[in-house]
Amino acid sequence: MADKELSALRRLPSVEELLENPALADAIEQRGRRLVADSSRSVLEKLRRRILAGEPVTPADLEPGRLAALVGEEAAAVYKPTLQPLINATGVVVHTNLGRSVLAEEAIGAVGEVAASYSNLEYNLAAGARGSRHDHITRIITALTGAENALVVNNNAAAVLLALSTFAAGREVIVSRGELIEIGGSFRIPDIMAASSAKLVEVGTTNKTRPADYGKGIGPLTSMLLHVHTSNYKVIGFTAGVGIGELVALGRKHNLMVMDDLGSGALADLPALADEPSVFESLASGADIVTFSGDKLLGGPQAGIVIGRREAVEKMKAHPMARALRVDKMTLAALQATLALYLNPREAVRRIPTLRMLAETAAALKPMAERLAAGLKQAVGAGVGVQLQQSASKVGGGALPLLELDSWVCALSPVSISVDELAARLRATDPPVIGRIHGGRLLLDVRTILPEQLDETIGALQQAVSQG
Ligand SMILES: *Cc1c(COP(=O)(O)O)cnc(C)c1O
């Protein structure tokens with residue numbers, strides 16, 4: 001180590017010395033000595049690393065007031081909420097990393113009300129006695145879908161886990177090799193099967209599975225035939241699968257349960273969703289249990305919805321794991337309010353942001369894109385090229401992977417910084433803006449920008465450009 005570095009290291013105060021600094025007295029009073037000591041350690045460690053990396057550290061950097069300010073900031077940051085709203089300009093409507101669904105106003109209102117007060121969550125007002133939280137949601141789901149019974153749990157992964165645990169623990173479940181899906185890295189059919197103590201029996205091949213393949217897999221330990229919607233990929237070419245209708249016929253013949261994991265749960269009749277299996281069709285085919293997500297194509301809160309035969313769903317409600325997977329009052333309120341909008345399908349498309357974004361035509365999006373382009377140009381002048389152009393948005397959320405929705409984007413080409421740098425700066429604005437990089441430009445897709453966020457998007461680009 002060079003002498004210069006050694007002497008710089010020697011000039012660093014100790015944690016104890018820093019804590020004695022009067023400038024930190026307030027921070028210690030407000031946030032406690034332990035957190036401020038941790039923050040001091042962290043600030044000193046960062047300085048030590050800078051010195052060892054040969055970076056210049058001036059006496060001003062080590063001035064006690066300056067160090068105390070850094071420690072104060074570090075301690076304050078711990079208390080700052082990290083979960084924050086942002087602007088989704090990716091054009092991916094159901095973006096799992098960006099929180100999937102934006103709730104309808106009615107749902108937001110319902111969450112606020114139930115959060116701010118006691119409620120009859122598990123209290124039967126008519127009887128003046130204990131009630132069940134399931135009762136709040138069962139009726140509206142059965143009314144909407146025509147199912148005999150319904151149950152809501154934490155998410156669709158939980159719905160599948162609970163169904164397998166209830167009906168197939170210690171027994172065998174038959175799944176086509178073409179349907180052994182992975183969703184978002186952590187939901188994998190073989191793993192969820194193992195977690196529920198069910199034994200997976202694979203039949204058929206990746207591209208072709210026939211009813212006879214299921215027949216060969218059926219044995220004395222078989223409990224269930226499971227159909228899984230391959231929501232986030234498509235096998236094309238020389239393919240054959242067994243539809244839910246055929247599977248139900250096979251299940252009846254062998255006296256086996258049939259379950260359909262739909263994934264996205266399309267309840268709305270939108271052209272964009274034409275290729276997505278509908279909840280109604282799955283039920284009409286006679287599946288005993290059907291599961292789907294609350295926050296994918298349904299446009300509600302994160303939840304897993306189970307519908308199906310009365311006794312089968314009742315058995316799931318009674319399983320000990322149902323308690324561990326149950327939803328809280330805020331989810332129930334949001335889901336109830338979202339589903340209520342579905343009773344009037346035309347209203348649902350207007351009021352539920354996910355459906356509205358999926359339904360929007362390119363022609364309808366163009367005026368908003370023009371307003372955005374004009375605002376961006378005015379905000380950044382010559383620093384960034386702004387070009388209005390047609391592009392394609394995606395559904396996302398592991399649904400309809402091949403579908404492209406015609407859309408309009410503002411394509412940004414920065415003059416003096418790289419497009420990656422511009423994207424990084426936009427991720428750091430308040431609120432952050434997330435676009436997508438394509439062909440060396442940063443695209444802002446208006447399909448997923450909420451109308452009330454248009455001005456903020458313009459402001460964010462101005463912030464990002466003026467930072468330089
Ligand atoms: C998305 C998906 C799941 C998991 O649903 P979550 O609500 O994300 O838990 C399970 N199965 C299929 C087919 C899916 O598409």
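Whatever order the structure lists ligands and atoms in, that order sets their numbers, starting from 1.
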Using a strict cut-off of 4.0 Å, indicate which atoms of ligand 1 neighbour a heavy atom of [X].
{"X": "S231", "result": "13 (C), 14 (C), 15 (O)"}
{"X": "A157", "result": "4 (C), 5 (O), 6 (P), 9 (O)"}
{"X": "S293", "result": "5 (O), 6 (P), 7 (O)"}

Item to check | Heavy-atom nearest neighbour in the protein, as seen from atom 11 (N) of ligand 1, with distance rounded to 0.1 Å | outcome: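 Result: D261 OD2, 2.7 Å.
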Checklist entry - Got the closest protein heavy atom to atom 5 (O) of ligand 1, with its distance? => result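 Answer, as residue, atom name and distance: N156 CB, 3.1 Å.
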Using a strict threshold of under 4.0 Å (side-chain N to carboxylate O), is an ion pair present between [Y] and [X]?
{"X": "R49", "Y": "E45", "value": "yes"}
{"X": "E360", "Y": "R447", "value": "no"}
{"X": "R133", "Y": "E122", "value": "yes"}
{"X": "R41", "Y": "E74", "value": "no"}

Checklist entry - Side chain, backbone, both or neither: which part of N232 comes within less than 4.0 Å of ligand 1 when only heavy atoms are counted? => result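 Answer for N232: neither.
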Next on the checklist: I'd like to know if the side chain of T222 and the backbone of G219 have a donor-acceptor N/O pair within less than 3.5 Å.
Outcome noted: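 Yes, because the side chain of T222 sits within donor-acceptor range (under 3.5 Å) of the backbone of G219.
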Item to check | Validation row: L332, D328 side chains within 4.5 angstrom (heavy atoms) | outcome: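 Counting from C-beta outward, L332 and D328 never come under 4.5 Å.
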Checklist entry - Taking atom 14 (C) of ligand 1 as the point of reference, which of K296, Q302, R100, H229 owns the nearest heavy atom? => result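 It is K296 whose heavy atom sits nearest to atom 14 (C) of ligand 1.
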